[in-house]
2 protein chains.
Amino acid sequence: MRATIKDIAREIGVNVATISRALNNKPGVSAELQRKIQKKALEMHYSPHGQARGLVTQRTETIGLIFDSETSSFLSNPFYGGVLAGIESELRRHNFSLMFSSTGGHKLDSVADLPKFIIEHRVDGVLIVGSIDERNIRLLHEVQLPMLMIDYHLEENPIDTVIVDNRRAGKMLTDYLVGLGHRHIAFVGGRPLDEGNFYERLCGYRDALQEHEIPYRRELIQEGELEGGYESAQQVLARAPEVTAIMACNDANACAAMRAMVSKSLRVPEDISIAGFDDIAAAAESWPPLTTVRVDKCAMGRTAAQRLLQKLKNDDTTPPYETVFPTEVVRRASTAAPRK
Amino acid sequence: MRATIKDIAREIGVNVATISRALNNKPGVSAELQRKIQKKALEMHYSPHGQARGLVTQRTETIGLIFDSETSSFLSNPFYGGVLAGIESELRRHNFSLMFSSTGGHKLDSVADLPKFIIEHRVDGVLIVGSIDERNIRLLHEVQLPMLMIDYHLEENPIDTVIVDNRRAGKMLTDYLVGLGHRHIAFVGGRPLDEGNFYERLCGYRDALQEHEIPYRRELIQEGELEGGYESAQQVLARAPEVTAIMACNDANACAAMRAMVSKSLRVPEDISIAGFDDIAAAAESWPPLTTVRVDKCAMGRTAAQRLLQKLKNDDTTPPYETVFPTEVVRRASTAAPRK
DNA sequence: TGAAATACGTCAAACGTTTGCGGTAGATTT
DNA sequence: AAATCTACCGCAAACGTTTGACGTATTTCA
């Protein structure tokens, strides 16, 4: 059994209340006695019992993280891995613990289906990362927990959000390619392409085309499965051989598209330029290194954690708002001016 | 405020003890009353308060996961990502929650430096994944927590372990390459190479050579930084141009080695074969697809979680033992018979 | 039919903290 | 010197459960 506050009280010959105050630096205990108590606590290897404390303070100093997709696919996504790292480090800095769980992919029917740590463990707040079913959000609202969403935009229920400026990212990357001299730029991968982050990127692409007075051609767009940049790139190239650059909805798809080019004996970037989004580790390590759009994933996680913690302190008076993260194009060897 | 057991008791007109027993399916309450209570509990959206319960049962139904490396590098490691996914799913199945934290990379001085959830939150058990400083383990022992180690072997303190049969893996892969006809096989990457998992793989390599009566040559081994398969491969090739196959300590290094070959205008596998370990996602997606040794990371995580949970139930009587996971060579296009 | 067993509930203590209220000194003010 | 403050500390309730030890009816057995 570990030492409790009572043990210290008995040892010193003073009431438990005094021990509690001394250990928490609260007023009402003489400096001398406080020193004595803290010394004794150290000796006895005392550490507060979180559950007992939480029972009276009504706080767990724990926040929960949930996501909709399968755990494995979530964790193997390098983008979220970076965000998660940022979250963890920030929480640790503030002495908060982190629990995480997937909602299992399927829609939940009632509050009781929420991850256990939310409903039973009573985390102080929850972070939602990535796309999630709107119904699950409503369940979360029912339990009145402070929450914050990362990398996903919700139309209906207003909720605090930390998000990437995907539209701007799409525009910047397109601007860059146009600046290199490209006129026939394809956009591949990502399903569905009528909502969500990939859609935003596509919108940015259209914004840029319009600005540069390049006509938008539907046939240069090829929707595809999440990991299917390979086929998409081939399809669009078969339809439109004049294409000199391919933008993929993210880096994974871009890498797949590169492999597709290699298999058709096209050289990157001499024959065709390729670019992606996210700047995952694999982007820098691919061959050739991939031009992409970077967002500071770690900082994003830290900011998200920070804002959630602030909400907990401030009694949640401020209306929900979005924090949008800037991006930057990182130029690598997979893009070059078209040969003409 | 959420409904408590007291609220239900008042509503039904019965003692809280009865409510508790009814909700936990304990004997001592009539079937009819139990139904009535459960129905009312549902109506009131009651859910037990984990902290209050834990206070008396002395259990949190939570396990903690720690690792020594930086959070970001841990999460971006595809191998551990897979293991983590397995752990999470198994824990969820048993209604346990998961907390995780890094020890920050540096050695800890006292129990108080351990992640908060271990010392204050009082997790029921802890999983240690990857290499960890021996001193930190001793601290863990001090707090008398059931624990289990994953993917790392400890010489001194005996402790339950779930581990990959790295030596055998090294031998199998070497056997395969020798079977293809290779005689000059290099082994690159990984530091340090005198202990740990990479060393085990190297041992397996030597085992195989001996068995096939191929002399072991020190100059075919090139230690290198964790992500430095690129330089290592170049160095060893400069020293020994007769090399026809390169084994890397893991897939990341193998991919780097492939890039190194490309940069020297060597074709894989026509000019040189390359193979790795772990079978991370990138291995299948590299060009050419990488021959490697697979271990079922997810199953490994599940098994680890399962065994830890068992320890909690069984009052921890059984002596610590190792569970070693089998491996299999997956043959892909990055290896072929030498041209001679 | 009286005693013993059974079934169903109540009581209250306990888990380890925090915190408002009250009390007792000694110090300071009139 | 009496009255008023402060500074310090003790008392006890409260947080929401679980659980062993007791009570009562009601049934069962001899």
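All values below were derived from every heavy atom in this structure, side-chain atoms included, with hydrogens, water molecules and symmetry-related copies excluded. In the text below, chain A, chain B and the rest are named by the order of the sequence lines, each starting its count at 1.
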Where A/Lys297 and A/Pro78 come nearest, the two heavy atoms and their spacing: CD-O, 4.2 Å
Nucleic acid contacts of residues 2-16 of chain A, taken as heavy-atom distances under 4.0 Å to DNA chain C: A/Thr4, A/Ile5, A/Lys6
Could you list, one pair per line, each protein nitrogen or oxygen that sits under 3.5 Å from a nitrogen or oxygen of nucleotides 24-26 of chain D, together with the distance?
none

Residues, nucleotides or ligands: over 12 heavy atoms within 6.0 Å of A/Lys36 NZ: no
Residue pair A/Ile163, A/Met149: steps toward the side-chain contact (heavy atoms from CB on, under 4.5 Å) verdict: CA-CA 8 Å; A/Ile163 203 167; A/Met149 167 162 275; over 6 Å; no
Between the first and last five pairs of the helix from C/dT1-D/dA30 to C/dT30-D/dA1, the angle of the axes, rounded to 10 degrees: 50°
Presence of salt bridge, A/Lys39 and A/Glu43, under 4.0 angstrom: yes
Range on DNA chain C touched by chain B, heavy atoms, distance below 4.0 Å: C/dC8 to C/dG16
B/Asn77 side chain to B/Phe79 backbone, donor-acceptor under 3.5 Å: yes
Flag for B/Asp151-B/Tyr80: side-chain donor and acceptor within less than 3.5 Å: yes
Main-chain N/O of A/Asp133 paired with A/Asp68 side-chain donor or acceptor, under 3.5 Å: yes
salt_bridge(A/Glu32, A/Arg35) N-O dist < 4.0 Å: no
B/Ser20 versus B/Arg53, side-chain donor and acceptor atoms under 3.5 Å: no
Close approaches to DNA chain D from residues 18-38 of chain A, in residue order (heavy atom, under 4.0 Å): A/Thr18, A/Arg21, A/Gly28, A/Val29, A/Ser30, A/Leu33
Side chain to side chain donor-acceptor pair (under 3.5 Å) between B/Ser101 and A/Glu88, worked out: CA-CA 7 Å; B/Ser101 172; A/Glu88 199 271 337; 3.3 Å; yes
Minimal non-hydrogen separation, B/Gly64 against B/Phe117, with atom names: CA-CE1, 3.4 Å
Short side-chain donor-acceptor distance under 3.5 Å, B/His153 and B/Glu322: yes
Short side-chain to backbone donor-acceptor contact, A/Thr71 and A/Ser102, under 3.5 Å: no
Heavy-atom closest pair, residues B/His121 and B/Thr60: O-CG2, 3.4 Å
Sorted by number, the residues of residues 40-64 of chain B with heavy-atom contact under 4.0 Å to DNA chain C: B/Leu55, B/Val56, B/Gln58
Any donor-acceptor pair under 3.5 Å from A/Thr323 side chain to A/Tyr321 backbone: no
Closest non-hydrogen atom pair between A/Leu33 and A/Thr18, with its separation: CD2-CG2, 3.9 Å
For the student: nearest non-hydrogen atoms of B/Leu312 and B/Pro146, plus distance: CD2-CG, 3.6 Å
